[in-house]
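Here's the structure, in structure tokens; my notes come after.
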Amino acid sequence: MTTELKAHNSSLPCLNNNNDKFSYETTLPPSWPMREEDPVAALAMARPEFGEHGGVNLSIENSITFTVMEAETMRKMFEGELGPERDFFIYSRHFHPTVMALSRQMAALEGTEAAYCTSSGMAAISSVLLQLVSSGGHIVASRTLYGGTHALLSHFLPRVCNITTTFVDVKEHEMVRDAMVEGKTKVLYFETVANPTLTVANVPALSRMAHKKGVTVVVDNTFSPMIISPVRLGADIVVHSCSKFISGGADIIAGAVCGSKSLVNSMMDLHQGTLMLLGPTMNAKVASELSQRIPHLSLRMKEHSHRALVFAQRMKNLGLKVIYPGLNDHPDHHLLSSIANKDYGYGGVLCIDMGTEERANSLMNILQNHTHFGLMAVSLGFFETLMSCSGSSTSSELNGEEKELAGISPGLIRMSVGYVGTLEQKWSQLEKALLKMKI
């Protein structure tokens, strides 16, 4: 990292204090000098967590507060002499053993020193930005973002925190460079694969550009876990909505912050840490559920990607306006091919531009209620196909001009391709709907 994030030397347990008695544990033991480049290999090398009685699955620690055997121990914990890496826990809003186990998995997945799992993706995003940017500070962000993130940057942060954002086209590197004000801009924020337009960010080039100006690079990798590893490409921090592909079940709200030990420790500072003070705490049961889903994330991503590519190719051959970075004519196809991890495909989300919202809604209605291809619902990463008209749903926080600048047309259908049923069965259902629409 170019911009080093120093931890405050407060009384917070588990901070990396000057006496170096302990620190937030790295993903890999010190005896392993090299980190695996492939996310699956990195996950396999992460420290395993066994059940309390030696069970192959992680036990759920159900307590929110933890006892000490001697009164003097509590003082040492609050002074930072004893911490969770030696199994000294205080309170679940701080560090929690089950959530820490999941955090180690997320750090391994993204190739970072540490991670911290939160109650939602927006909790992860807002906590990171509020930690890095103070009142009067400035952010440069992509024009094309999830609607909730856009609203946070364009409305909430200026009103509440006096933090302003300049929105740019991250494909136009000169525009990005010109928007960063040296000494004032603290963060460059973008999504690896943009929601919903599926434009791909040149993570290495954008990171180099930001670091030259002392700007920290924060990347939302929700659309492309396994496929892209932003930190290995030069980014500083990765955030996730774990509710999507990482969960895969459309039944969990969760998030994660992946970055350096100093970042996580600063966010847990007793006096100034956003994770500590705002309290976006993940429930232990959620952490346990997710820890059992991450090991098969790679298999799910491969099948999501495979089916998305097949459907995109076939729909393109039928004359539809399909947007998918796995297609050779997608403007970012070669970029994604050059920065992606091998074997995980091009992602499980594709878009169909039907031109108007009316036509988009008609197609989705047929797909759900007549041919049973998928479900009209927001979110992504589910085993069933989910589809929504982005402009009137997940991007509705943007006004008309902002949608136009972001490249979100009124008839854009975002489709998260599932893997239930056979591929040919699902294609038949999709094809019947297209025929009914006279496409």
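Of the possible polar contacts, one joining the S120 side chain to the A123 backbone as a donor-acceptor pair under 3.5 Å is found. Using modelled atom types, no side-chain atom of T149 and backbone atom of L145 make a donor-acceptor pair closer than 3.5 Å. Although no hydrogens or angles enter the test, the distance criterion places a donor-acceptor pair under 3.5 Å between the side chain of K213 and the main chain of M180. When atom types are taken as modelled, the side chain of S92 and the backbone of I64 share a donor-acceptor pair closer than 3.5 angstrom. Under a 3.5 Å cut-off, the side chain of S388 and the backbone N or O of S390 do not form any donor-acceptor pair. Here the side chain of D332 pairs no donor or acceptor atom with the backbone of L335 at under 3.5 angstrom.
A distance of 6.0 Å or more separates the ring centres of Y346 and H330.
Taken from OG1 in T98 to CG in N62, the straight-line distance is 8.5 Å, to the nearest 0.5 Å. Residue L275 holds its CG atom at 10.0 Å from NE2 of H94, rounded to the nearest 0.5 Å. Here CG of N195 is found 8.5 Å from SG of C351. Values are rounded to the nearest 0.5 Å. Going from atom CE of M267 over to atom OG1 of T274 covers 3.5 Å, rounded to the nearest 0.5 Å. With rounding to the nearest 0.5 Å, the separation of OG1 in T385 from CG in L375 is 8.0 Å. Once rounded to the nearest 0.5 Å, the distance linking CD of Q368 with CD of E384 reads 10.5 Å.
Using the six-membered ring where Trp is involved, F66 and F89 have ring planes that are tilted, between 30° and 60° apart.
Closest non-hydrogen pair, F95 versus M100, comes out as CB-SD, 3.7 Å. The shortest heavy-atom contact between H240 and A124 is O-CB, 4.3 Å. The two residues C117 and M106 make their nearest non-hydrogen contact at SG-CG, 3.9 Å. Across all non-hydrogen atoms, the minimal contact from R300 to F245 is NH1-O, 2.6 Å. Shortest non-hydrogen contact noted between V203 and P230 is CG1-O, 3.8 Å. Closest of all the heavy-atom pairs between V378 and L386 is O-CD1, 3.7 Å.
Residue pairs meeting the salt bridge (charged side-chain N to carboxylate O under 4.0 Å, His left out) criterion with at least one member in residues 274-298, sequence neighbours excluded, are D251-R293, E289-R293. Applying the salt bridge (charged side-chain N to carboxylate O under 4.0 Å, His left out) test to pairs two or more places apart or on separate chains, none has a residue in residues 127-151.
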>> Quick one, L198 with F223, criterion side-chain contact (heavy atoms from CB on, under 4.5 Å). Give me CA distance, side-chain angles, the key distance, then yes/no.
In response: CA-CA 9 Å; L198 307 184; F223 271 47; 3.9 Å; yes

>> Apply salt bridge (charged side-chain N to carboxylate O under 4.0 Å, His left out) to residues E72 and R75 and explain how you reach the verdict.
In response: CA-CA 5 Å; E72 179 68 9; R75 180 194 63 78; 2.3 Å; yes

>> Could you go through S224 and T192, starting from their C-alpha distance and side-chain angles, then the distance that decides it, and tell me whether this counts as side-chain hydrogen bond (donor to acceptor under 3.5 Å, both in side chains)?
In response: CA-CA 7 Å; S224 47; T192 44; 2.8 Å; yes

>> Applying side-chain contact (heavy atoms from CB on, under 4.5 Å) to K76 and E79, what does each step give before you reach the verdict?
In response: CA-CA 5 Å; K76 291 180 179 179; E79 288 185 354; 5.7 Å; no

>> Please evaluate residues F382 and Y419 with respect to the criterion side-chain contact (heavy atoms from CB on, under 4.5 Å), reporting the C-alpha separation (whole Å), side-chain torsions for both, the decisive distance (0.1 Å), and the verdict.
In response: CA-CA 9 Å; F382 190 38; Y419 50 76; over 6 Å; no

> Between L129 and L152, does a side-chain contact (heavy atoms from CB on, under 4.5 Å) hold up when you go through it step by step?
Replying inline: CA-CA 10 Å; L129 294 179; L152 173 73; 4.2 Å; yes

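Side-chain contact check for I90 versus T65: every heavy-atom pair is 4.5 Å or farther apart. Inter-residue side-chain proximity for D236 and V231 is flagged as unmet; no heavy-atom pair is nearer than 4.5 Å. Using a 4.5 Å heavy-atom threshold, the side chains of S288 and Q292 count as touching. Side chains of L188 and L206 form a contact here, defined as non-hydrogen atoms less than 4.5 Å apart. When side chains are defined from C-beta on, N341 does not count as touching V40, because their heavy atoms never get closer than 4.5 Å. Residues V181 and V140 are not in side-chain contact: their nearest non-hydrogen atoms beyond the backbone lie 4.5 Å or more apart. Residues I237 and C258 fail the side-chain proximity criterion, which asks for heavy atoms closer than 4.5 Å. Contact check for H155 versus H150: no side-chain heavy atoms found under the 4.5 Å cut-off.
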Side-chain donor/acceptor pairs under 3.5 Å, residues 161-170, sequence neighbours excluded:
from: T166; atom 1: OG1; to: H138; atom 2: NE2; distance (Å): 2.7
from: D169; atom 1: OD1; to: K171; atom 2: N; distance (Å): 2.9

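Between the side chains of S305 and K302, no donor-acceptor pair of N or O atoms lies under 3.5 Å. Side-chain atoms of D38 and Y344 form a donor-acceptor pair, as typed in the model, at a separation below 3.5 Å. Side-chain N/O atoms of S63 and E61 include a donor and acceptor closer than 3.5 Å. If you check the side chains of D269 and S266, you find no donor sitting under 3.5 Å from an acceptor. A donor-acceptor contact under 3.5 angstrom links the side chains of S262 and S260, judged on distance only.
R104 and E49 are joined by a salt bridge, as a carboxylate oxygen and a charged side-chain nitrogen come within less than 4.0 angstrom of each other.
Applying the ring pair (Phe, Tyr, Trp, His ring centres under 6.0 Å) test to Y324 and every residue at least two apart in sequence or in another chain returns nothing. Applying the salt bridge (Lys or Arg N to Asp or Glu O under 4.0 Å) criterion to E70, with sequence neighbours excluded, gives no partner residue. For the side chain to side chain donor-acceptor pair (under 3.5 Å) test, no residue two or more places apart in sequence or in another chain qualifies with H96.
No more than 12 heavy atoms of other residues, nucleotides or ligands lie within 6.0 Å of CD1 in I253, so this atom counts as exposed by the packing criterion. In the displayed structure, M74 atom CE is contacted under 6.0 Å by at most 12 heavy atoms of other residues, nucleotides or ligands.
When each of L130, V218, D220, T118 is paired with I125, the side-chain contact (heavy atoms from CB on, under 4.5 Å) condition holds for D220 and for no other.
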